[in-house]
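Chain letters run A, B, ... following the sequence lines, proteins first, then strands; residues in each count from 1.
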2 protein chains.
Amino acid sequence: MANSASGDSMVHRLVRVIAAFDSEHPTLSGAELARRAALPSSTAYRMVDELLAESLLDRDGQRLRLGTRLWELVSRGSKVLGLREAALPFMEDVQAVVGHHTTLGVIDQQDVLYIERIGSNNSTINITRVAGRLPIHATSTGLILTAFGPTEAQETFLRRLPKLTDATVTDPDELRRMLAEMRHSGYCVMPGTIVPESTGVAVPVFSADGTAIAGLSVVIPRENGPVQPSITALRTAARGISRALGWDGTLRDAIRRSL
Amino acid sequence: MANSASGDSMVHRLVRVIAAFDSEHPTLSGAELARRAALPSSTAYRMVDELLAESLLDRDGQRLRLGTRLWELVSRGSKVLGLREAALPFMEDVQAVVGHHTTLGVIDQQDVLYIERIGSNNSTINITRVAGRLPIHATSTGLILTAFGPTEAQETFLRRLPKLTDATVTDPDELRRMLAEMRHSGYCVMPGTIVPESTGVAVPVFSADGTAIAGLSVVIPRENGPVQPSITALRTAARGISRALGWDGTLRDAIRRSL
DNA sequence: TCACATCTTCCCGATCATCGGGAAAAGGTG
DNA sequence: CACCTTTTCCCGATGATCGGGAAGATGTGA
């Protein structure tokens with residue numbers, strides 16, 4: 001009986017516990033946690049004890065919160081931290097010049113996961129949040145990373161696309177052409193599929209081994225005139241980040257990789 | 001036999017696996033992971049499969065790395081992300097005015113854990129790193145947070161101090177006086193115990209409920225003249241961060257809390 | 001103050017997922 | 001081709017984990 005019904009391994013249970021905490025629920029009581037993680041309360045309380053013992057959870061009176069030590073362990077080992085640190089100064093440059101939201105995102109599964117964002121004050125509406133996700137096809141970051149990504153990922157993307165109802169362009173051939181165009185120009189301009197009034201502009205960032213590891217993007221108001229200045233600022237910054245990551249290739253090299 | 005010798009729970013094993021990855025070892029092979037986590041290889045490989053299934057680990061050919069999804073889950077639920085986001089713009093202000101390393105740190109266990117740092121270019125030597133730790137007694141951030149922390153934490157700190165060989169001040173009474181002084185003045189100036197040539201200056205940041213949740217600090221060269229400008233910049237920024245976090249109290253309120 | 005609801009801790013026997021030795025397959029190297 | 005390391009797979013034994021349930025703690029409203 002130990003494992004009531006479905007194939008939930010210990011690890012999966014743990015993920016449910018961790019995922020029970022989010023920005024809307026930064027702290028939980030034991031009972032709340034049990035409910036949100038769909039665990040029998042006695043199991044939940046036992047797990048909480050184990051997690052507290054390892055400092056993966058912190059207890060604050062009766063409330064529980066994700067342990068700072070967990071953040072530390074994960075940050076130390078994840079590539080995200082290094083990427084963020086390399087990118088931040090250059091993102092500030094972009095933000096200063098363009099004056100709108102500047103974001104850094106990576107591909108994870110079938111989404112773009114945003115790992116950094118700056119310039120939240122008076123910019124246009126922007127729904128991206130750090131540690132937030134958006135579908136690949138809905139973002140300029142997702143498209144530019146697809147364009148510069150491995151061929152098989154491109155094909156997978158094109159195959160999945162027709163099923164997506166809200167995609168602006170659904171014709172695979174048309175998209176193939178667009179991706180080729182992005183590889184050639186080195187950027188992606190995408191009039192707001194998410195928020196109609198804003199346009200996303202993205203360029204690729206390359207890691208030391210030449211793979212397109214992240215997308216750097218700005219979100220500007222649609223009626224903001226030419227996008228060229230944004231593109232220039234982004235390309236300059238992206239080159240700087242790539243260099244900081246140890247890349248010394250050319251755009252031509254990168255294109256060759258993704259064909 | 002299932003659990004060979006010591007009391008290593010599943011959770012503890014998991015921590016070892018996660019901790020096996022760090023900035024020096026961002027990717028590991030299965031065998032490397034088994035060694036670093038001190039696990040029998042067959043156990044390690046089985047765990048890797050489980051973790052891959054939950055995307056807590058990503059596989060890149062034969063190499064393994066901490067999954068981006070893990071970073072996402074942890075970031076979403078941890079208080080660190082919110083703190084960082086609230087603080088970053090103000091930290092940039094400090095960095096712009098003072099022109100040296102600006103760091104944000106919190107207390108975890110018996111250390112200061114740094115959660116953000118900016119200004120790495122031409123500043124003085126600074127050994128702090130994001131997701132890095134330093135002992136409380138060795139940092140201005142640690143001391144100011146102790147001064148504004150709960151009384152019992154202060155006493156624990158004072159009791160533990162005599163054992164520390166490298167502490168500049170070891171007399172508990174002297175330190176008690178220093179902490180009181182910090183509460184009164186609202187800042188901590190600490191001539192480099194870590195790097196002799198640099199001085200740390202730190203002020204507290206308060207969260208919505210009035211607790212000193214983080215320390216904001218700059219590291220400046222010792223012969224840099226008066227520290228007053230740094231203090232002023234830090235206090236201004238710290239108030240801004242605290243306000244962004246929802247705090248509307250006064251320093252006097254904060255002092256009352258820690259007595 | 002008491003009754004009632006909810007949260008938290010603790011106990012315990014049954015069960016089954018986990019453990020790890022070991023063998024064999026797959027790679028890599030000289 | 002021989003040798004070594006890495007990776008995958010199998011399998012029986014075992015004890016850690018499971019969760020129901022009871023009892024204690026806490027809170028709430030009348």
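Between Arg76(B) and Glu24(A) no salt bridge is recorded (no basic side-chain N to carboxylate O distance below 4.0 Å). Under 4.0 Å is where a charged nitrogen must lie from a carboxylate oxygen, and between Arg129(B) and Glu85(A) no such pair does. A salt bridge does not link Arg63(A) to Asp58(A): none of the charged side-chain nitrogens sits closer than 4.0 Å to a carboxylate oxygen. Salt bridge status for Glu116(B) with Arg84(A): present, with a side-chain N to carboxylate O gap under 4.0 Å.
Between Arg35(B) and dT6(D), a side-chain N or O to OP1/OP2 separation shorter than 4.0 Å is present. Considering only side-chain N and O atoms, Arg46(A) lies under 4.0 angstrom from the phosphate OP1 or OP2 of dC18(D). Residue Arg13(B) places at least one side-chain N or O under 4.0 Å from the OP1 or OP2 atom of dC19(C). Considering only side-chain N and O atoms, Thr43(A) lies nowhere under 4.0 angstrom from the phosphate OP1 or OP2 of dC18(D). Put simply, Tyr45(B) has a side-chain N or O that comes within less than 4.0 Å of OP1 or OP2 on dT7(D).
The CZ-P distance, from Arg16(B) to dC19(C), rounds to 11 Å in whole Å. A straight line from NE2 of His12(B) to P of dC19(C) spans 14 Å, rounded to a whole angstrom. Computed from coordinates, the Arg63(A) CZ to dT8(C) P distance equals 9 Å when rounded to whole Å. Rounded to an integer number of Å, the gap from Leu39(A) CG to dG20(D) P is 12 Å. Between Leu14(B) atom CG and dA17(C) atom P there is a gap of 18 Å when expressed in whole angstrom units. Atom CE in Met10(B) sits roughly 14 Å away from atom C1' in dG20(C) (whole-Å rounding).
Between Ser41(A) and Glu50(B), the residue whose closest nucleotide on DNA chain C is further toward the 5' end is Ser41(A). When each of Gln62(B) and Met47(A) is assigned the nucleotide of DNA chain D with its nearest heavy atom, Gln62(B) is the one assigned upstream, toward the 5' end. Looking at which nucleotide of DNA chain D each of Ala31(B) and Val11(B) is closest to, the 5′-most match is held by Ala31(B).
Listed nucleotides: dC10(C), dT6(D), dC9(D). Nearest to the side chain of Ser42(B): dC9(D).
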- Message: Please determine whether side chain to side chain contact (heavy atoms under 4.5 Å, CB included) holds for the pair Thr68(A) and Lys79(B), giving the CA-CA distance in whole Å, both sets of side-chain angles, and the decisive distance to 0.1 Å.
- Response: CA-CA 8 Å; Thr68(A) 311; Lys79(B) 67 176 176 182; 3.9 Å; yes
